[in-house]
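Start at 1 and go down the list; that is how both ligands and their atoms are numbered. Predicted model only: the values in this text are computed from it and were never measured. What you see below is based on every heavy atom in this structure, not just the backbone, and it leaves out hydrogens, waters and symmetry mates.
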Amino acid sequence: MTQESEVPVLICGGGPVGLALAIELGLRGVECLLVEQGDGSVPVPKMSQLSTRTMEFCRRWGIAHQAKKAGWPEEHPADFIYVTSMVGYELFRQKFAPYAKQGDLGYTPEGPRQCPQIFFDPILLRHAASLPAVTMRHHTRLQSFEEDANGVHADLTSLETGRAETITANYLVGCDGFDGHVRKALKIEYEGSGILSYSVSIFFRSKSLGTLHNKGWGRFYRLVDASGHWSDLIAIDGQELWRLTCFHIDPEKDLGSLDVEALLIRAAGTAFSYEVLSVLPWKRRELVATTYGRGRVLIAGDAAHQMSPTGGIGMNTGIGDAVDIGWKLAAVLQGWGGPYLLESYEIERKPVAVSSVNVSSETYVHETSLPADPAIAENSAEGERARKQFAEALRGRRGQGKERLHEDVKLGYSYDGSPIIWPDETRAQATKDGNSILSCRSGSRAPHAWLGENISTLDLFGDGFVLLRFGQNIDASSIVAAAAARRVPLKIVDIESRAIAALYERKLVLVRPDGHVAWRADTCPDDALALIDRVRGDIEP
Ligand SMILES: Cc1cc2nc3c(=O)[nH]c(=O)nc-3n(C[C@H](O)[C@H](O)[C@H](O)COP(=O)(O)OP(=O)(O)OC[C@H]3O[C@@H](n4cnc5c(N)ncnc54)[C@H](O)[C@@H]3O)c2cc1C
């Protein structure tokens, strides 16, 4: 017999994006059911670094300290080192200070952190499971669904017992990864150039690899030999776990014919002892879904976009999707979100995916088109010349000390064209890597500043809307009354610091639950109800 039950939100997929959405909803007290066909374990450390923005979300969720402790020894340098092999020549080094020595980054309370998915997903899972509003079922597959006026009716099957169940949900979110069932059932296509290349990642354990060379610890060892840049070796835990990702694998060859030992020895430049933990062939894709959902069914994460991991943006973009849709679903279910609020999800998040995909592909093309020279690993004058030439070419393209790699894409994105953002009267400045981060224009992430010891402005945001007021004599009563009339959760926070007032540039700044600026001005608008209706999605785009 098929069992039937109801839930406000059904999440299909328990990867990092589904788990992040469960946390966003759970922290807001919105009941959700997450179904995951697997057992929740992560066999391969795919994502390696949490972006600044993801770390800021982790801070809000109360798990940043766990992410910091999980993956990477704080005192290890996190350099990117170009080598002919681990025991071969060092060609170029992009320095990244050890986390322990990074100090205050100024633009964020939480800088990016190495915390590969084998560590990060279990942290998310434990946190989601601890929230009373979240129910999780592993070994459970979403088989099909239909939508009608009453909601989405989803058929689930337990892969352990075979038991079938129908769940009726107000909303279904497909966080079911690339080519997931939810997107396909909605007949949503992907657009983009598709497959860029075929790669294979070899996850292995070796205690000796970290010390058999003279390069010291780095996060990335980029391997460049006579054939050019052929692979990346990533130190996963800064101790004994490694991932070698080889580019340009022949898709016609089956995995069995892959000479894993030869690849590992080529990377090390010598024989060494190791234990292979898993081998993952995968396709490097460049795709974004044409639309992010239909009706009561939405998609997020890899289900909505696929990009080359170069740049480390894929999962981090998906986490941003979960945060955007999380507060909006909560608002609609709690009765204060307007009828157009959910429409703004795609409008805000798809452009972020498009720019993430583009920059990821650019980085991939850049990395794999570095000049190859047959002499590069030779112990000769010719080899010396080739190595010098390579380093100069790289220095010219990359520049020294550019530590905030892609921060404008990962952190500096703005929702300024969104229908639920009140347009800013200032013009957007052209973004420059690492310099777009402190904008306070409407649509931007409200900037970080320290309010007290380890208390950031960012710590004010998350629950409802926050109206920052820089001057207690400023009348904010019409906005407060409008929010109350529409049952929009709003609190006023008075800030006395002149430095923060200068950073925020206006005397009143309205910040959304996801930490983006919705509106700013020096006085209340003439029609505060129109403002509140706009930011809660009650005005047709
Ligand atoms: C080699 C490699 C390196 C990477 N490096 C980085 C990086 O450095 N930085 C970065 O940000 N990203 C990186 N990524 C990308 C990152 O791994 C993905 O973006 C991320 O895993 C996507 O998360 P997700 O939750 O959207 O999807 P997934 O992780 O794919 O999870 C989807 C889940 O849905 C479940 N599921 C599917 N269908 C159903 C169904 N019908 N019913 C129930 N469950 C279902 C699946 O079992 C799966 O667990 C990398 C990827 C690869 C391959």
Side-chain angles (χ1 to χ4, degrees), residues 10-22 33-55 71 112-118 120-121 124-125 136-145 154-159 167 172-185 198-203 219-220 231-232 234 236 243-247 278-285 287 289 299-322 353 356-357 360 363-364 405-406 409-410:
L10 174 63
I11 301 169
C12 176
V17 175
L19 291 167
L21 177 56
L33 170 65
L34 181 150
V35 291
E36 164 57 50
Q37 62 191 4
D39 64 2
S41 64
V42 188
V44 185
K46 296 191 285 183
M47 176 279 302
S48 60
Q49 192 179 53
L50 303 177
S51 69
T52 302
R53 194 61 179 143
T54 299
M55 279 302 291
R113 279 290 167 144
Q114 164 101 344
C115 183
Q117 259 178 273
I118 49 167
F120 186 54
D121 287 17
L124 290 176
L125 190 122
M136 281 193 282
R137 291 213 209 129
H138 287 93
H139 303 290
T140 303
R141 179 175 292 150
L142 173 90
Q143 302 285 15
S144 60
F145 62 89
D155 295 323
L156 310 179
T157 304
S158 161
L159 302 180
I167 296 279
L172 164 65
V173 187
C175 304
D176 45 355
F178 173 69
D179 222 19
H181 174 76
V182 175
R183 180 195 59 84
K184 283 197 285 200
Y198 296 82
S199 298
V200 68
S201 292
I202 303 164
F203 180 35
R219 254 192 356 104
F220 262 74
S231 70
D232 282 342
I234 301 183
I236 296 296
R243 194 191 78 206
L244 179 70
T245 294
C246 308
F247 318 130
S278 65
V279 178
L280 173 77
W282 55 277
K283 297 182 181 95
R284 197 177 293 271
R285 296 191 186 85
L287 294 171
I299 55 173
D302 271 23
H305 41 73
Q306 283 267 304
M307 63 198 78
S308 169
T310 29
I313 315 184
M315 185 210 74
N316 290 298
T317 306
I319 298 285
D321 297 345
S356 300
V357 163
S360 301
T363 311
Y364 173 66
L405 194 64
H406 301 326
V409 177
K410 295 185 200 172

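Comparing Lys410, Gln117, Met47 against atom 17 (O) of ligand 1, the shortest heavy-atom distance belongs to Gln117. The heavy atom nearest to atom 30 (O) of ligand 1, out of those in Gly13, Gly177, Gly180, Cys12, is found in Gly177.
Formation of a donor-acceptor pair under 3.5 Å by the His138 side chain with backbone atoms of Val35 is not found in this model. Within the 3.5 Å criterion, the main-chain N or O of Gly320 finds no donor-acceptor partner in the side chain of Arg53. Side-chain atoms of Thr317 come within 3.5 Å of backbone atoms of Ile313 as a donor-acceptor pair (strictly under, hydrogens ignored). Looking only at distances, a side-chain donor or acceptor of Asp176 sits under 3.5 Å from a matching main-chain atom of Val182. In this structure, the side chain of Arg243 engages the main chain of Lys46 through a donor-acceptor pair within 3.5 Å. The main-chain N or O of Gly14 is found under 3.5 Å from a side-chain atom of Glu36 such that the two form a donor-acceptor pair.
For ligand 1, the atoms lying closer than 4.0 Å to a non-hydrogen atom of Asn316 are 11 (O). Heavy-atom proximity to Val35, at under 4.0 Å, picks out these atoms of ligand 1: 43 (C), 44 (N). Residue Gly312 has at least one heavy-atom neighbour below 4.0 Å for each of these atoms of ligand 1: 7 (C), 8 (O), 9 (N), 10 (C), 11 (O). Within the listing of ligand 1, atoms 26 (O) sit less than 4.0 angstrom from a heavy atom of Gly301. Shown in contact with Trp282 at under 4.0 Å from a heavy atom are these atoms of ligand 1, numbered in order with element: 1 (C), 53 (C).
By the 3.5 Å distance cut-off applied to N or O atoms, Val17 is counted among the residues near ligand 1. Looking at Met315 next to ligand 1, an N or O pair under 3.5 Å apart turns up. For ligand 1, the polar-atom distance check against Leu280 finds no nitrogen or oxygen pair separated by under 3.5 Å. Here's the thing with Gln37: one of its N/O atoms is less than 3.5 angstrom from an N/O atom of ligand 1.
A side-chain donor-acceptor contact under 3.5 Å links Thr54 and Asn316. Side-chain contact of Thr245 with Ser199: a donor-acceptor pair under 3.5 Å is absent, judged by distance alone.
Side chains of Pro45 and Gln117 form no contact here, defined as non-hydrogen atoms less than 4.5 Å apart. Looking at His305 and Leu287, their side chains never come closer than 4.5 Å, going by heavy atoms from C-beta outward.
Here CE of Met47 is found 9.0 Å from CD of Gln114. Values are rounded to the nearest 0.5 Å. Distance CE/Met315 to CG/Asp121: 7.5 Å, rounded to 0.5 Å.
Closest to atom 26 (O) of ligand 1 among all protein heavy atoms lies Asp302 N, 2.9 Å. With hydrogens left out, the protein atom closest to atom 8 (O) of ligand 1 is Ser48 N, 3.2 Å, a heavy atom. Ranking the protein heavy atoms by distance from atom 48 (C) of ligand 1 puts Glu36 OE1, 3.4 Å first. In this structure, the protein non-hydrogen atom closest to atom 31 (O) of ligand 1 is Gly15 CA, 3.5 Å. In this structure, atom 38 (N) of ligand 1 lies nearest to the protein heavy atom Asp176 CB, 3.5 Å. Of the protein's non-hydrogen atoms, the one nearest atom 53 (C) of ligand 1 is Lys46 CD, 3.7 Å. For atom 29 (O) of ligand 1, the closest heavy atom belonging to the protein is Pro16 CD, 3.6 Å.
Within the 4.0 Å heavy-atom shell around ligand 1 one finds Cys175. The closest approach between any non-hydrogen atom of Ser201 and ligand 1 is below 4.0 Å. A heavy-atom separation below 4.0 Å is found between Thr140 and ligand 1. Distances from ligand 1 to the non-hydrogen atoms of Leu142 include at least one value under 4.0 Å.
Of the heavy atoms in Arg243, only side-chain atoms (C-beta onward) come closer than 4.0 Å to ligand 1. Neither the backbone nor the side chain of Leu19 has a heavy atom within less than 4.0 Å of ligand 1.
Under a cutoff of 6.0 Å and an axis angle of 45°, Arg284 and Tyr198 do not form a cation-pi pair.
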Show your reasoning for whether side-chain contact (heavy atoms from CB on, under 4.5 Å) applies to Asp179 and Lys184.
CA-CA 7 Å; Asp179 222 19; Lys184 283 197 285 200; 3.7 Å; yes
